[in-house]
There are 2 protein chains.
Amino acid sequence: MAPGAGRGAGAAPRSVDVARLAGVSQKTVSRVMNDEPYVSEDVRRRVLAAADELGYRSNNAARALASGRTRSIGVVTLGTALYGPASLLMGVERAVRDTGYALRVVNTMEGETAGIAGAVGSLLDQGVDGIVISEPIDEPGGAVLSARLDVPILVLGAPPPFAAPHVVTAGIVSDQMARAATEHLLELGHTTVHHLAGPQRWYSARDRLEGWRAALAAHDRAEPPVVQGDWSAASGYAAGRELAADPGVTAVFAANDDMAIGLMRALAEAGRRVPEDVSVVGFDDTPVAAYVTPPLTTVRQPFDAMAQDGLKLLVHAIESPQADPLPMTDPPVELVVRASSAPPLR
Amino acid sequence: MAPGAGRGAGAAPRSVDVARLAGVSQKTVSRVMNDEPYVSEDVRRRVLAAADELGYRSNNAARALASGRTRSIGVVTLGTALYGPASLLMGVERAVRDTGYALRVVNTMEGETAGIAGAVGSLLDQGVDGIVISEPIDEPGGAVLSARLDVPILVLGAPPPFAAPHVVTAGIVSDQMARAATEHLLELGHTTVHHLAGPQRWYSARDRLEGWRAALAAHDRAEPPVVQGDWSAASGYAAGRELAADPGVTAVFAANDDMAIGLMRALAEAGRRVPEDVSVVGFDDTPVAAYVTPPLTTVRQPFDAMAQDGLKLLVHAIESPQADPLPMTDPPVELVVRASSAPPLR
DNA sequence: CGCAGTCATGACAGCGCAGTCATGCATCGG
DNA sequence: CCGATGCATGACTGCGCTGTCATGACTGCG
């Protein structure tokens, strides 16, 4: 920084420049900018006018340094365009913006070395007041968080994959939804329901598996072997070729819509009609679910509500560190029945 | 800030703490942390060991304040989970991370008052070294950027919707791809090709329209009326009911896969077979495109490559403000031919 | 009328880092 | 053998803001 450089015309205006123009002290400008009390209306107006004239924007770095708070929240997501995670991320962005915080994003990829803990670390390096971990997955070696974790963490869609203080969780409703989906098929008259599961490293996949299992148990049904997929339509297709060969399969609950779509294609190719021969239920209600052949019965998740509820908790934890955590409300779930599920032919 | 509070055990360590432990000056710690030259190997090791022992992380706000750079890049996206924009956002995240910058995200929603200019403003408030605008749309009143825009901007997937200095653009290849898709249908022997367009506020929608138009013109074909959709499968379905009623329609190029899927469903319901009666080509190659009925011929966009190329330009503009802009390389495009397109029956 | 209380404002310091410059020590060439 | 050069390091300062405290003006009340 050249000491005698003066401040060229290009330099961004600072609060003292505004202060000078408004004829007040720099501190008063700060008061106005932060909506602090004890500023007369007259002064407030003058300061705002001066700020506007100069095109003043307060310097965030300086504010963060002086106040010790960055007013930003970091999000860790899995770097995938899958409908569920992507929708949840959009919901989080909206919810964060509503709270007045800024958003920083770090993705992790499956199989990446640093993983979730690395992503959290990079957010802490950047300086955030809180962290959201969206749909975490299990990682090899387990996620070990920095011991000096001093910001609250919200884990969305799963119980935290690690032990840490200040952790709140929201939006664990998959199992109830999965159970509802399975029971829908049982109530249609199917003897049992097969499950096309997501990758078991994902909590949401395990959760849906549990919901399916609970529904079968509640109705005293035998539990057929689980078929594994990886969320992709391709894996659903592969699973479908297997299931199509088994005439005992009359109903399948897939852990997401993409797999359900791949599954239906394999069934069609094998000459098994949906829903006459096999009923299929998906999960997510992706935008195309209603328009594939046949239209897919599926479960709609309230991503926005989950994100909003969760962020309320997080912001509460940030701004009232001492207070008790807020109670969770379960967001509304919806089973959308379409043509892919029907009573079995007899 | 309590003056006499001392620094409790809970306080985050600062560079002077590291310096004290390593027996060097605070400035030397700064040198080591920033990989500056003129530090002996011995000292470097001692400092790193001390930092590790204390769990030191440099304070980003202080660094930004002292250096005048935040080392972060802001992204403005449309807040949608649509496959295309979401994939591009993921690509941008990865590319930003590769450059060593942090990422801040602000969404805009269609119809939101603040719009793109507001999102850019909020990023400038936060302090970013560069801005990426991903798939901008036209806004009512036009986007007027702050006159005091002093950071470079990268517009991804469109020419900038506003005039501003320091703007670079990348990834405008939709029209070529759309043209290729249309020509694929013409070469199969179709007399003409109908177009199911995206919302015309989106540049990418207009671009695909232009490509389609160019292909028809190059082959001296009449240009049938354009059908309007909004990217959704529902709008594709609505358009499909219209098109199905017209026996002259034998080939349709849809501006994205979701609309193509809705379209195919409407055709099926109307008793028009795909591809025997009507060929359909989509755009995006969403994960389910290969598994719908029939599997969809579509165009695959190189989102990651677009993001990486674009960010290379942006970082160059950030770090070498004087230098000429880097040349653009066109990323690879791919037409994926599947069963939804075939020669017309005669 | 005098004192306490409230409101409105300013002076000052310090947040934790990087930039600038000074300094001390080793190395080299003539 | 001595000045010129290069390397390694430290002292000091300031980035632009917020927190704390001091100060003065104004209000109400006994």
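Proteins get letters first, then strands, A, B, ... in listed order; numbering begins at 1 in each.
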Once you round it to whole Å, what is the distance between [atom2] of [N] and [atom1] of [X]?
| X | N | atom1 | atom2 | value |
| --- | --- | --- | --- | --- |
| R69(B) | dG16(D) | CZ | C1' | 19 Å |
| R31(A) | dG10(C) | CZ | P | 8 Å |
| R71(B) | dC17(C) | CZ | C1' | 11 Å |
| L65(B) | dC17(C) | CG | P | 12 Å |
| R45(A) | dA8(C) | CZ | P | 13 Å |
| Q26(A) | dG16(D) | CD | P | 11 Å |
| R44(B) | dC7(D) | CZ | C1' | 13 Å |
| K27(A) | dC12(C) | NZ | C1' | 11 Å |

Do any side-chain nitrogens or oxygens of [X] fall under 4.0 Å of OP1 or OP2 in [N]?
| X | N | value |
| --- | --- | --- |
| R63(B) | dC17(C) | no |
| S15(B) | dC17(C) | yes |
| S25(B) | dG10(D) | yes |
| S30(A) | dC17(D) | no |
| Y38(A) | dA25(D) | no |

Students often get this wrong, so: under 4.0 angstrom with heavy atoms, is [X] touching a base, only sugar-phosphate, or nothing?
| X | result |
| --- | --- |
| N60(A) | nothing |
| S40(A) | sugar-phosphate |
| V29(B) | nothing |

Next on the checklist: Looking at D42(A) and R46(A), is there a salt bridge between them, counting it only when a charged N and a carboxylate O are closer than 4.0 Å?
Outcome noted: yes
Checklist entry - Are D138(A) and R201(A) within salt-bridge range, i.e. N to O under 4.0 Å? => result no
Checklist outcome for this item: Closest to the 5' end of DNA chain C, once N59(B) and G23(A) are matched to their nearest nucleotides, is G23(A)
Next on the checklist: Would the distance check show the side chain of R104(B) and the main-chain N or O of Q126(B) forming a donor-acceptor pair, the cut-off being under 3.5 Å?
Outcome noted: yes
Checklist entry - Is the backbone of N107(A) close enough, under 3.5 Å, to the side chain of E93(B) for a donor and an acceptor to pair up by distance? => result yes
Checklist entry - Can you tell me the Watson-Crick or wobble partner of dT27(D), both distances under 3.5 angstrom? => result dA4(C)
Checklist entry - Can you find a pair of side-chain heavy atoms, one from R69(B) and one from Y101(B), that are under 4.5 Å apart? => result yes
